[in-house]
Amino acid sequence: MKVVVTGTDERLAERLRGDGFDVEECPPLQADSYDWVILTSRHGVERLLARLEGSLPRVAAIGPGTAEALRNQGIEPALVASRSTQEGMLEELPRPAGRVLFAGAEGARDLLVRELDADFVPLYRTIELRPDSFPASDLAVIASPSAARALAALDVGIACVSIGPVTTAEALREGLDVIAEAESHDLEGLRRAVKLAASQAGSSPS
């Protein structure tokens, strides 16, 4: 049985492991000693707020989707990167940034950590699903590097529309055919990119 321990006393987790339980520690997260918290996804917003204890400093969102998730929780981001990449965030974050906390997915790129000497806390884990089959289609939308890897593993030879440069780079490394990339790295950007790709191919929604 897997048990999530949300308290701060590490002795409980140790004792439960000794009893044979699969224990994952998920202690409260305190961010008020930082100057900035950087978030890079909707999932990150949800998981951060679920664990947050105390107040938030200035929050930087990597793009409009993350910013929308923050606003839905009553939090106005102090910065929304124009380019929804870690590189874009680095270009716009004021310097010196002070103490920075990057809260994101386990295994996230470490560019922000290295360039800003930021602390990193993994809030969630991305599990790459590998379906046994893929529906017959003309176009696939990929919204993350993990989605690109999963699609490549199926070897279906389908054209792709990507949400942004990081996903595109991973898709190309995996040998996928990326025919369009969203200009704005959000749902509306993907929608426009799909419509553009369809028009260039001479197709339209049925």
Side-chain angles (χ1 to χ4, degrees), residues 38-48 60-72 77 79-93 102-115 120 122-206:
I38 298 177
L39 293 164
T40 56
S41 72
R42 291 175 178 270
H43 294 304
V45 172
E46 294 169 1
R47 299 312 308 152
L48 175 72
I62 203 165
T66 306
E68 180 184 29
L70 285 164
R71 292 181 180 120
N72 288 342
L79 172 65
V80 181
S82 301
R83 288 200 304 134
S84 301
T85 62
Q86 291 193 25
E87 288 82 358
M89 178 65 71
L90 285 173
E91 289 171 1
E92 298 185 49
L93 195 71
F102 171 28
E106 183 179 287
R109 298 169 63 215
D110 66 351
L111 180 64
L112 293 172
V113 172
R114 289 186 285 105
E115 293 295 324
F120 174 71
L123 296 174
Y124 60 96
R125 180 181 298 118
T126 300
I127 299 174
E128 296 184 15
L129 300 178
R130 301 290 173 89
D132 296 327
S133 62
F134 194 80
S137 53
D138 302 303
L139 196 64
V141 176
I142 47 176
S144 68
S146 60
R149 290 190 293 269
L151 181 62
L154 294 174
D155 194 24
V156 292
I158 188 173
C160 301
V161 172
S162 164
I163 195 170
V166 175
T167 298
T168 297
E170 185 66 18
L172 295 176
R173 276 193 293 269
E174 294 289 338
L176 295 177
D177 178 21
V178 179
I179 63 171
E181 180 182 291
E183 291 187 7
S184 62
H185 313 312
D186 55 10
L187 293 179
E188 188 57 32
L190 273 174
R191 176 172 173 259
R192 289 194 295 267
V194 168
K195 293 174 69 175
L196 176 62
S199 67
Q200 291 175 341
S203 302
S204 60
S206 58

Item to check | Check against side chain to side chain contact (heavy atoms under 4.5 Å, CB included), R149 and R173 | outcome: CA-CA 9 Å; R149 290 190 293 269; R173 276 193 293 269; over 6 Å; no

Residue pair [X] / [Y]: nearest heavy atoms and the distance that separates them:
| X | Y | result |
| --- | --- | --- |
| L39 | T66 | O-CG2, 3.7 Å |
| D186 | G65 | CB-N, 4.4 Å |
| V80 | P77 | CG2-CG, 3.7 Å |
| L151 | C160 | CD2-SG, 3.5 Å |
| V161 | A193 | CG1-CB, 3.5 Å |
| A140 | F134 | CB-CZ, 4.2 Å |

Student check: side-chain heavy atoms of [X] and [Y] closer than 4.5 Å:
| X | Y | value |
| --- | --- | --- |
| L112 | F120 | no |
| Q86 | F102 | yes |
| E87 | R109 | yes |
| S184 | R192 | yes |

Checklist entry - Under 6.0 Å from the CD atom of E183, do we count more than 12 heavy atoms belonging to anything else shown? => result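 Atom CD in E183 is not packed in, count stays at 12 or less.
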
Hey, is the main chain of [Y] close enough, under 3.5 Å, to the side chain of [X] for a donor-acceptor pair?
| X | Y | value |
| --- | --- | --- |
| E92 | A81 | no |
| S146 | S144 | no |
| E181 | T168 | no |

Item to check | side chain to side chain contact (heavy atoms under 4.5 Å, CB included) between I38 and L93, worked out | outcome: CA-CA 10 Å; I38 298 177; L93 195 71; 4.2 Å; yes

Item to check | Straight-line distance of L48 CG to H43 NE2, nearest 0.5 Å | outcome: 14.5 Å

Next on the checklist: For H185, run the side chain to side chain contact (heavy atoms under 4.5 Å, CB included) check against P165, P64, S162 and tell me which one passes.
Outcome noted: P165

Next on the checklist: Using the side chain to side chain contact (heavy atoms under 4.5 Å, CB included) definition, which of the options L172, I142, T85, L176 pairs with T167?
Outcome noted: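 In the set L172, I142, T85, L176, the residue that makes a side chain to side chain contact (heavy atoms under 4.5 Å, CB included) with T167 is I142.
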
